[in-house]
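For reference, the structure is listed below as structure tokens.
Letters A, B, ... mirror the listed sequences (proteins, then strands); counts begin at 1.
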Protein chains: 2
Amino acid sequence: MSSLRDVAERAQVAVSTVSAALNGTRPVAAGTKRRIEQAAAELGYRPNLLARGLQSKRTRILALLYPAPRSGFGLTEMQFATGAAEAARELGHHLLLSPENADPIEELRHLTGLGLVDGVLLMEVGLDDERAAFLAAAGVPFSMIGRTRDPGSIDYADIDFAATAGDAVAHVASLGHRSLALFNLSAGAYGDGYGPAIRAGEEFAAAARAAGIGYVDGHRPGSAEEGREAFERLMDAHPDVTALAVMDDHAAVGVIAAVAARGWRIPDDLTLMLVLSSARVAEMFHPRLTTLEPPGTELGRLGARMLVDRLSGDGPPQQRLVPCRLVAGDSSAAPPPKPRERRPA
Amino acid sequence: MSSLRDVAERAQVAVSTVSAALNGTRPVAAGTKRRIEQAAAELGYRPNLLARGLQSKRTRILALLYPAPRSGFGLTEMQFATGAAEAARELGHHLLLSPENADPIEELRHLTGLGLVDGVLLMEVGLDDERAAFLAAAGVPFSMIGRTRDPGSIDYADIDFAATAGDAVAHVASLGHRSLALFNLSAGAYGDGYGPAIRAGEEFAAAARAAGIGYVDGHRPGSAEEGREAFERLMDAHPDVTALAVMDDHAAVGVIAAVAARGWRIPDDLTLMLVLSSARVAEMFHPRLTTLEPPGTELGRLGARMLVDRLSGDGPPQQRLVPCRLVAGDSSAAPPPKPRERRPA
DNA sequence: TACGGTAGTCGAAACGTTTCGCACAACCTA
DNA sequence: TAGGTTGTGCGAAACGTTTCGACTACCGTA
């Protein structure tokens, strides 16, 4: 690989002049500049990132930190990563994939001590996230996909749960439903204090109240079997519920089975929608489910972009909320005209 | 951040001695070594990766190169990435996520010219992959997840399609089926020359022949609608087929609908299985589909490991084939005892 | 006693950049 | 004509490592 010195020799100038010409960091006479650029092109010169980073303390490398997935990552997490990587590249940066081990703080200390990364992008942020606290204390630039309970002036991109819940409620309300239930994420899959689970619960309740329709919460099925059971219990306690939003894919499978077991049909007897599931997943179901698709790629892109902004400038904190996109499937319809009854096959 | 010099001062030795002591690169007296280690610990010394890389020409950074996904990445691709990142970290390396832009070769030239990465891990390898050709010509160490038509002595980890097809055929044959069909990946989703599509086709044919059961190929549905049509045409042309393997998730949705439209049931009237789909996807279906789950994480890990091996040693090329895991669902059963007929609802 | 070998340590150079003070010429202004 | 201002380029230092030749002290041996 050719170095700055090779270019300098070929162009008959000093090394520092080449650096200045190529980076535009100080004025260089037009003729000289042209000679240098040509020499660089002829040699196929590429600046060495390590040398540059060593000197300038800026590597233009970002680290994407994510916990070992408790239950395997989904499409959304993949989108965070690819979105962030894309945006980073467009902005002339690189993205390092950093799985956490048992001790995330130690991991972080190590990672930032290496001098390798300029900033950190945090995924799967908890309401009280120790990583965020550590980074803030250590003065390491970072941004979050998701957010802590009190993000203060930390940059983040997160789902707009209020808007999302509003859209969901508006969707079923406009179809004529008067009562909606939510099956939240199970504690097992993500642990307690998982932001999306808590915020979604709160915002659905608020949106339903604002729209003046009934709202039932409390079930948190994490598997098909639990979904089936939860639906049975829901119908026992609240036979008037005609619309159901489910956050866990697998639970939805159970709900569909339970509906069928009663001799009911979707969407005629129940409007069923997924929350925070990608349309690709929703399409796997029969009927194709309506879903509120999380803006994974966009959140990833935003997270990376605001981190780069933070690194290169100061500016006010950027805090962005992006709503899920409602993708209508074949599982939404008007509520049944008269009370449903079990019609076992 | 403290540097080698700080440690040297504190331990009252020369910088070079500290380096030697900490890296074990040449003998250092036991007492001195202890003093140095203590000083390093007290200062919380971390070697600067950039400086080290600049000098030693080894950064311990690997790049994972992947094309912009044509149709959005799936779980398997996610597993490649997380598996590779995990293994890299365990081996003291880092993994850079590198999306390709329009011109992969230029991208590669740029990436390797930076001096930032020691080696490249290639994903989504085509049978005639220009990236592999370029890297080989450029002398850049790399390994592949997947493989070219003629991998020569290039390290790779790929799916063992022969074993996978064998397992699939054995599965249906043992249930009593005498005729199997395969719906391959659509050309649109992955382009022609996509290794898995071609190899799967060949190996299913070979396995069926070896087992002495009938085999039908040729359909390549890439959506639910195409899946439905393909199934209708299949039944028209080959009414004797009682087992079907589908490679595209969405096509399976259409097949299931078509089966239901005939008044048939799965698995009673048709044994349906997914090929190269994760169990998490198979569980979304009703009934839960049998699937041949690709070893995504393991392939990612293997790819990273063999690349690290290649970097640090010479050794013979490593070429590993890993079969898919057959996860039995509720969609496999013995073939129907008597010929099926349409029983429209 | 002199000599070669060895274990341990040091200092300097090198990796490829960026940055910064300084030099030099040409030009303008008073 | 003297002094200042610009425009342009140079050289050296610095970033934090690794590497390598050289030096010292000590030991055993001839």
Side-chain angles (χ1 to χ4, degrees), chain A residues 1-37 39-40 43-61 92 94 110 112-118 311-312, chain B residues 1-37 39-40 43-61 92 94 110 112-118 311-312:
Chain A
M1 215 50 217
S2 55
S3 76
L4 219 43
R5 221 180 51 174
D6 301 327
V7 179
E9 274 176 19
R10 180 172 257 257
Q12 304 273 39
V13 292
V15 172
S16 57
T17 307
V18 179
S19 173
L22 261 26
N23 296 318
T25 159
R26 45 175 48 197
V28 170
T32 318
K33 183 165 180 179
R34 209 161 30 71
R35 246 181 30 247
I36 291 175
E37 278 166 352
L43 290 166
Y45 168 75
R46 311 265 175 192
N48 182 310
L49 274 202
L50 297 184
R52 173 176 289 183
L54 180 58
Q55 164 65 25
S56 67
K57 305 283 181 198
R58 284 279 312 262
T59 61
R60 305 190 147 244
I61 299 178
H94 293 270
H110 178 74
T112 55
L114 257 24
L116 184 59
V117 305
D118 286 345
L311 288 171
S312 47
Chain B
M1 215 50 218
S2 54
S3 77
L4 218 42
R5 222 180 50 172
D6 301 326
V7 179
E9 275 176 18
R10 181 172 256 258
Q12 303 274 39
V13 292
V15 172
S16 58
T17 307
V18 179
S19 174
L22 260 27
N23 295 319
T25 159
R26 44 175 49 200
V28 169
T32 317
K33 184 164 179 179
R34 210 162 29 72
R35 241 176 37 243
I36 290 175
E37 278 165 351
L43 290 166
Y45 169 75
R46 311 266 174 191
N48 182 309
L49 276 200
L50 296 184
R52 172 176 290 182
L54 180 58
Q55 163 67 24
S56 66
K57 305 284 183 196
R58 284 278 313 265
T59 62
R60 304 191 146 243
I61 299 180
H94 292 270
H110 177 75
T112 57
L114 259 22
L116 184 59
V117 306
D118 286 345
L311 287 170
S312 47

ask   = the helix from C:dT1-D:dA30 to C:dA30-D:dT1: angle between its terminal axes, five pairs each, to 10°?
value = 60°
Chain A contact limits on DNA chain D, taken 5' to 3' with a cut-off of 4.0 angstrom to heavy atoms =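 Listed 5' to 3', the contact boundaries are D:dT8 to D:dG16.
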Any side-chain heavy-atom pair from [X] and [Y] closer than 4.5 angstrom?
X	Y	value
A:Thr59	A:Leu49	no
A:Lys57	A:Asp118	no
B:Leu22	B:Tyr45	yes

key: Nearest listed nucleotide, side chain of B:Thr32, among C:dT19, C:dT9, C:dG8   =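 Nearest to the side-chain atoms of B:Thr32, counting from C-beta on, is C:dT9.
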query = Is a donor on one side and an acceptor on the other found under 3.5 Å between the side chain of B:Arg35 and the backbone of B:Ala11?
reply = yes
message = For a side-chain contact (heavy atoms from CB on, under 4.5 Å) check, start with the C-alpha distance between B:Ile61 and A:Leu116, then their side-chain angles and the critical distance, and finish with the verdict.
response = CA-CA 10 Å; B:Ile61 299 180; A:Leu116 184 59; 3.9 Å; yes
key: Distance in Å, B:Met1 CE paired with B:Leu43 CG, rounded so as to fall on 0.5 Å steps   =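 Reported to 0.5 Å precision, the distance equals 9.5 Å.
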message = To the nearest 0.5 Å, what is the distance between CD on B:Glu37 and OG1 on B:Thr32?
response = 11.0 Å
query = What's the verdict on side-chain contact (heavy atoms from CB on, under 4.5 Å) for B:His94 and A:Val117, showing C-alpha distance, side-chain angles and the deciding distance?
reply = CA-CA 11 Å; B:His94 292 270; A:Val117 305; over 6 Å; no
key: Residues in contact with DNA chain D, drawn from residues 43-59 of chain A - heavy-atom cutoff 4.0 Å   = A:Leu54, A:Gln55, A:Lys57
Smallest separation among heavy atoms of B:Pro47 and B:Arg52, with atom names = CB-NH2, 3.5 Å
Residue whose nearest DNA chain C nucleotide is more 5′ - B:Val28 or A:Met1 =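 Its nucleotide being nearer the 5' end, the pick is B:Val28.
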query = When all nucleic acid strands are considered with a 4.0 Å heavy-atom cut-off, which category describes A:Ser3: base, sugar-phosphate, or nothing?
reply = sugar-phosphate
message = Counting the atoms with a prime plus P, OP1 and OP2 as sugar-phosphate, which does B:Arg26 contact under 4.0 Å by heavy atoms, base, sugar-phosphate, or nothing?
response = base
key: 5′-ward residue of the pair A:Ser16/A:Pro27 relative to DNA chain D   = A:Pro27
query = Does atom CZ of A:Arg58 have more than 12 heavy-atom neighbours from other groups under 6.0 Å away?
reply = yes
request  = Kindly indicate, with the supporting measurements, whether the criterion side-chain contact (heavy atoms from CB on, under 4.5 Å) is fulfilled by B:Ser3 and B:Asn48.
outcome  = CA-CA 8 Å; B:Ser3 77; B:Asn48 182 309; over 6 Å; no
